[in-house]
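One structure below.
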Amino acid sequence: MAMHKGLKLRHIRAFLDTIEAGGVSAAARKQGISQPALSKTLSEMEAMLGGALLERRGRRLTVTPAGEAFRRHAIQALQELEAGAAALSGDGIGDVINVGALPTVAGSIFPGVALDFSRAHPGTRLSISTGPNLYLLDRIRSGALDLMIGRMPAAGDMPGLRFDFLYEEEVILAARAGHPFANSPAPEALRQCDVILPTRGAIIRRIVDDYLGAQGITEPRCPIETVSLATGLGLLEGSDMLWFISRGVVARELASGLLASLPLGAQFMSGAVGLTMKHEMTERPEVARLTAMMHEAARLREATTR
């Protein structure tokens, strides 16, 4: 059956933005429209395609099997359209490297590498995407991304992919400066305060759950889950909440003294950070140069933190 003639680019962008943002409200804010308007666009799209693409389970919005199948094709189609538009724009950009950046590197070593790369390669554009781990992995498999920078994916998500190690990074328990439990053992603070956990799809969630289980904290007081810096920082600044998060996400805030880290006393609260890409990917010279610069930045990071 031919695609419905009424299906437009705004429908596809609404669908993909909703998945990337994790909900209709956040996607509507990203697009600068009202939530009812975005919901109407999604409903129109489902009606034209003849099936449900998204469904709500409690407070969570999930993608249906049909939605997953459509998303893979939609990402590829959108990438091809954007590449075609870039080729016709006459802006002098000869190549584009599509990079997925997880929060652990998005605000730490990667911005400096991106600046250095752009200055050294003015004819190449870096297109940087952020989002949940599984979403970015899907984009690598579909070809929409050349590589992803961040935590090493779980073993079950690695078939067909390879991982190049950069450095180890710990998960910390962050609090605002001057927190009343800043000098208390972490388990005591966790029993007295509300805690912000990583979202269930985040790679570090299992590390955090294992730590809490080892401390006998089976049901932490967790009203909110997030790995978003803007959200987590706002919550910590306005409360006595504690936040389990990768050190790289809040590195600047820790260095400035805005946030403090409560010692956890656990050696296993760390994991590998690196580059994830397809096994069969043949690296273009520009991609090889970018990965080499990431490795160099990682070496300098390790040298300065010893």
Are [X] and [Y] linked, directly or through other ILVMFWY residues, by side chains that come within less than 4.5 angstrom of each other?
X: Ile128; Y: Val287; value: yes
X: Leu136; Y: Met158; value: yes
X: Val99; Y: Leu115; value: no
X: Leu42; Y: Val63; value: yes

Quiz item: Is there a side-chain contact between Leu16 and Arg71 (heavy atoms, below 4.5 Å)?
Solution: yes
Quiz prompt | Heavy-atom check, side chain of Leu229 versus side chain of Pro103, under 4.5 Å | solution = no
Quiz item: Would Leu161 and Lys278 count as a side chain to side chain contact (heavy atoms under 4.5 Å, CB included) if you check the C-alpha gap in whole Å, the side-chain angles of each, and the deciding distance to 0.1 Å?
Solution: CA-CA 4 Å; Leu161 304 176; Lys278 283 185 176 181; 4.2 Å; yes
Supply the atom-to-atom distance [X] [atom1] to [Y] [atom2], rounded to the nearest 0.5 angstrom.
X: Asp116; Y: His121; atom1: CG; atom2: NE2; answer: 10.0 Å
X: Arg221; Y: Met241; atom1: CZ; atom2: CE; answer: 9.5 Å
X: Lys40; Y: Ile33; atom1: NZ; atom2: CD1; answer: 11.5 Å
X: Phe163; Y: Leu147; atom1: CZ; atom2: CG; answer: 11.5 Å
X: Ile245; Y: Leu236; atom1: CD1; atom2: CG; answer: 9.5 Å
X: His179; Y: Ser239; atom1: NE2; atom2: OG; answer: 7.0 Å

Self-check item: Leu190 and Leu173: CA distance, side-chain angles, deciding distance, side chain to side chain contact (heavy atoms under 4.5 Å, CB included) verdict
Solution: CA-CA 9 Å; Leu190 288 165; Leu173 186 61; 3.9 Å; yes
Donor-acceptor contact present, side-chain [X] to main-chain [Y], <3.5 Å:
X: Ser246; Y: Thr104; result: no
X: Trp243; Y: Leu233; result: no
X: Thr62; Y: Glu55; result: yes
X: Glu46; Y: Leu54; result: yes

Closest non-hydrogen atom pair, [X] against [Y]:
X: Ala26; Y: Ala21; value: CB-CB, 3.7 Å
X: Ile217; Y: Pro187; value: CD1-O, 4.1 Å
X: Ser25; Y: Gln35; value: OG-OE1, 2.7 Å

Exercise answer: donor-acceptor pairs, residues 247-266 side-chain atoms, under 3.5 Å, sequence neighbours excluded:
| from | atom 1 | to | atom 2 | distance (Å) |
| --- | --- | --- | --- | --- |
| Arg247 | NE | Glu170 | OE2 | 2.7 |
| Arg247 | NH2 | Glu170 | OE2 | 2.9 |
| Ser256 | OG | Arg252 | O | 3.3 |
| Ser256 | OG | Glu253 | O | 3.1 |
| Ser256 | OG | Leu258 | N | 3.4 |

Side chains of residues 197-209: which donor-acceptor pairs under 3.5 Å do they make with residues two or more places apart or in other chains?
| from | atom 1 | to | atom 2 | distance (Å) |
| --- | --- | --- | --- | --- |
| Arg205 | NE | Asp209 | OD1 | 3.0 |
| Arg205 | NE | Asp209 | OD2 | 3.3 |
| Arg205 | NH1 | Pro198 | O | 2.7 |
| Arg205 | NH1 | Glu225 | OE2 | 3.1 |

Quiz prompt | Arg299/Glu296 salt bridge by N-O under 4.0 Å criterion | solution = yes
Practice problem: Identify whether the distance between the nearest side-chain nitrogen and carboxylate oxygen of Glu44 and Lys8 falls below 4.0 Å. | Solution: no
Quiz item: Considering residues at least two apart in sequence or located in another chain, which fulfil the side-chain hydrogen bond (donor to acceptor under 3.5 Å, both in side chains) criterion with Thr231?
Solution: Ser228
Practice problem: List the steps, then state whether side chain to side chain contact (heavy atoms under 4.5 Å, CB included) holds for Tyr167 with Ile109. | Solution: CA-CA 11 Å; Tyr167 58 87; Ile109 71 169; 3.6 Å; yes
